[in-house]
Amino acid sequence: MKAFAVWLVHRLELPPGWMLAFAALAWAQAQVLPLTVLGGVGDVIGGALVLAGLAVSGWAALHFILERTSLIPRTRPNTLVTRGMYRFSRNPIYLSDTAILLGLILYWDALLCLPLVPLYMKVIEWRFIHREEAVLRDHFGEEFEAYAARVCRWL
């Protein structure tokens, strides 16, 4: 059990770990208290959100690779990425993780877990975004401030 706890804590140190933990709660709700409210509509909308989230995440991550800067939270970036999806959102990967979570909730018809979506967003802001933006502000100064003034945190 201790080994599992250590493994879990290390996974929660990265944003996908948080998304998977929240998704596991939704899946558990769907197993314990299955609902049949959305049916096929939930499958289509949920599936589309998951696919869109994966596509946006991949596209946004590609910009980090092309700019040759770190994709890992809490590391100091070489470049302030402002192209591609970053013209519309300062956090498109976190936004795509949110879309994936919402998509899974809809796909599984785990509607009682819908409040997990805004809760997930708050956890990500608290655990990652505020620190990342502080690093960007310290490292890029006025360039980051100008970027933050014209591009919203989420969308």
Side-chain angles (χ1 to χ4, degrees), residues 1-65 69-75 77 80-82 84-137 144 147-155:
M1 184 56 104
K2 183 180 177 183
F4 175 74
V6 169
W7 176 85
L8 182 61
V9 167
H10 286 295
R11 295 308 172 264
L12 290 178
E13 286 301 310
L14 294 174
W18 283 96
M19 193 269 294
L20 292 174
F22 276 69
L25 290 172
W27 179 84
Q29 182 260 289
Q31 301 308 304
V32 173
L33 187 60
L35 301 173
T36 55
V37 176
L38 299 176
V41 172
D43 293 348
V44 170
I45 295 171
L49 283 169
V50 169
L51 290 175
L54 290 171
V56 167
S57 187
W59 186 32
L62 179 62
H63 285 287
F64 276 86
I65 294 166
T69 193
S70 178
L71 183 61
I72 306 299
R74 299 192 183 114
T75 58
L80 181 62
V81 180
T82 60
M85 289 298 300
Y86 293 89
R87 292 178 297 153
F88 309 108
S89 171
R90 295 195 314 256
N91 297 289
I93 295 174
Y94 296 148
L95 187 61
S96 66
D97 287 348
T98 304
I100 292 168
L101 176 61
L102 177 58
L104 292 172
I105 288 170
L106 295 177
Y107 186 83
W108 293 327
D109 224 342
L111 300 181
L112 298 175
C113 288
L114 282 173
L116 290 178
V117 175
L119 179 61
Y120 169 77
M121 293 171 79
K122 284 298 176 190
V123 167
I124 292 301
E125 278 186 28
W126 173 70
R127 291 282 292 134
F128 299 99
I129 293 174
H130 291 298
R131 283 189 230 153
E132 290 171 11
E133 288 188 348
V135 168
L136 292 171
R137 193 170 282 109
F144 176 76
Y147 172 65
R150 74 176 182 273
V151 178
C152 293
R153 175 173 286 158
W154 290 99
L155 187 66

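Keep in mind it's a predicted model, so treat the numbers as computed, not measured.
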inquiry  = For a side-chain contact (heavy atoms from CB on, under 4.5 Å) check, start with the C-alpha distance between E133 and F144, then their side-chain angles and the critical distance, and finish with the verdict.
reply    = CA-CA 8 Å; E133 288 188 348; F144 176 76; 3.8 Å; yes

For the [atom1] atom of [X] and the [atom2] atom of [Y], what is their distance to the nearest 0.5 Å?
X	Y	atom1	atom2	value
L104	M19	CG	CE	7.0 Å
E125	E132	CD	CD	11.5 Å
F22	C113	CZ	SG	10.5 Å
I65	S70	CD1	OG	11.0 Å
L95	M85	CG	CE	7.0 Å
L101	L20	CG	CG	9.5 Å

task = Might you confirm whether atom OH of Y107 has over 12 heavy atoms from other residues, nucleotides or ligands at distances under 6.0 Å?
result = no

Minimum heavy-atom distance between [X] and [Y], given as atom pair plus value:
X	Y	answer
G53	S96	O-CB, 3.1 Å
P92	A60	CG-CB, 3.8 Å
P115	P118	O-CD, 3.3 Å
L106	G46	CB-CA, 4.0 Å
L116	A26	CD1-N, 4.3 Å
V151	F88	CG1-C, 3.8 Å

Between [X] (side chain) and [Y] (backbone), is there a donor-acceptor pair under 3.5 Å?
X	Y	answer
S57	L54	no
R153	N91	no
Q29	L33	yes

query = Are H130 and W126 close enough, and set up right, to give a ring pair (Phe, Tyr, Trp, His ring centres under 6.0 Å), and what steps lead you there?
reply = CA-CA 6 Å; H130 291 298; W126 173 70; 9.5 Å; no

ask   = Would you call the rings of F128 and Y94 parallel, tilted or perpendicular if under 30° counts as parallel and over 60° as perpendicular?
value = tilted

query = Is there a side-chain contact (heavy atoms from CB on, under 4.5 Å) between L102 and L114 once you walk through the steps?
reply = CA-CA 7 Å; L102 177 58; L114 282 173; 3.6 Å; yes

Min side-chain heavy-atom separation D109-L111 under 4.5 Å = yes

ask   = Tell me, do I124 and W18 make a side-chain contact under 4.5 Å, heavy atoms counted?
value = yes

key: W154: ring-ring contact (aromatic ring centres under 6.0 Å, His included) partners, not counting sequence neighbours   = none

key: Test side-chain contact (heavy atoms from CB on, under 4.5 Å) applied to W108 and L38, step by step   = CA-CA 9 Å; W108 293 327; L38 299 176; over 6 Å; no

